[in-house]
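Note sheet for the following structure.
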Amino acid sequence: MTTYAALHLTASGPRDGVLTLAVEGALDYDTSGHFTDEAARALLDHPGLRVLRLDCSGLSGVDSMGLSALLGLRRRLDTLGASLRIAERSPRLDRLLTITGTFDYLVGAEEAAQQEQEQEPSATASATDPDPGPAADEQARHRR
């Protein structure tokens with residue numbers, strides 16, 4: 001385990017080409033350089049890696065420098081032909097990634113679409129749905 005300020009990284013694996021880095025603490029201005037160095041070292045220690053999985057269950061916060069470190073890690077993995085999986089994300093991290101427009105890039109468009117479906121009820125009703133209720137009656141009266 002590596003310790004620097006308020007950030008701890010623990011590597012496990014690789015198993016089936018997947019290396020897991022558990023991240024504990026804050027990924028911020030003070031720790032982003034250390035995170036970048038440790039992630040780069042893990043990639044050098046495991047050539048031929050297919051996936052780097054970040055376990056963020058112990059991540060307490062991410063600021064703009066931490067986000068920059070995640071983006072840099074993704075770019076580095078792209079050049080190596082490997083992918084990044086950010087697992088065990090908190091709602092707070094998902095919100096940061098969504099607000100900054102980086103969710104699809106860092107997490108994946110497929111997972112983003114799945115998450116949207118889980119959060120939003122269907123906006124359209126099919127012809128086989130039961131009576132839509134008084135709101136639909138009111139709309140129909142206004143169309144006449």
What are the two closest non-hydrogen atoms of [X] and [Y], and how far apart are they?
X     : Y     : result
Cys56 : Ile86 : SG-CG2, 3.6 Å
Ala39 : Leu21 : CA-CD1, 4.2 Å
Ala42 : Leu19 : CB-CD2, 3.8 Å
Gly66 : Val62 : C-CG1, 3.7 Å

Looking at side-chain heavy atoms only, is the closest gap between [X] and [Y] below 4.5 Å?
X     : Y      : answer
Arg89 : Phe103 : yes
Leu27 : Leu59  : yes
Asp16 : Val51  : no
Phe35 : Leu70  : yes

Say you draw a straight line from [atom1] of [X] to [atom2] of [Y]; how long is it, rounded to the nearest 0.5 Å?
X     : Y     : atom1 : atom2 : result
Arg41 : Thr36 : CZ    : OG1   : 12.0 Å
His34 : His8  : NE2   : NE2   : 9.0 Å
Leu67 : Ile99 : CG    : CD1   : 11.5 Å
Leu71 : Arg76 : CG    : CZ    : 15.0 Å
Leu7  : Asp28 : CG    : CG    : 8.0 Å

Each residue besides Tyr29 in its hydrophobic cluster should be listed here, by chain and number; the cluster joins Ile, Leu, Val, Met, Phe, Trp and Tyr at side-chain heavy-atom distances under 4.5 Å.
Met65
Show your reasoning for whether side chain to side chain contact (heavy atoms under 4.5 Å, CB included) applies to Leu49 and Leu80.
CA-CA 8 Å; Leu49 192 67; Leu80 296 173; over 6 Å; no
Sequence neighbours left out, what pairs pass side-chain hydrogen bond (donor to acceptor under 3.5 Å, both in side chains) with at least one residue falling in residues 50-61?
Asp55-Ser57
Examine distances only and state if a side-chain atom of Thr31 and a backbone atom of Ala26 form a donor-acceptor pair shorter than 3.5 Å.
yes
What residues, two or more places apart in sequence or in another chain, satisfy side chain to side chain contact (heavy atoms under 4.5 Å, CB included) together with Asp78?
Arg74, Tyr105
Side chain to side chain contact (heavy atoms under 4.5 Å, CB included) partner of Leu106, the single match among Leu73, Leu84, Leu93
Leu84
In one Ile/Leu/Val/Met/Phe/Trp/Tyr side-chain cluster, 4.5 Å: Leu43, Leu9
yes
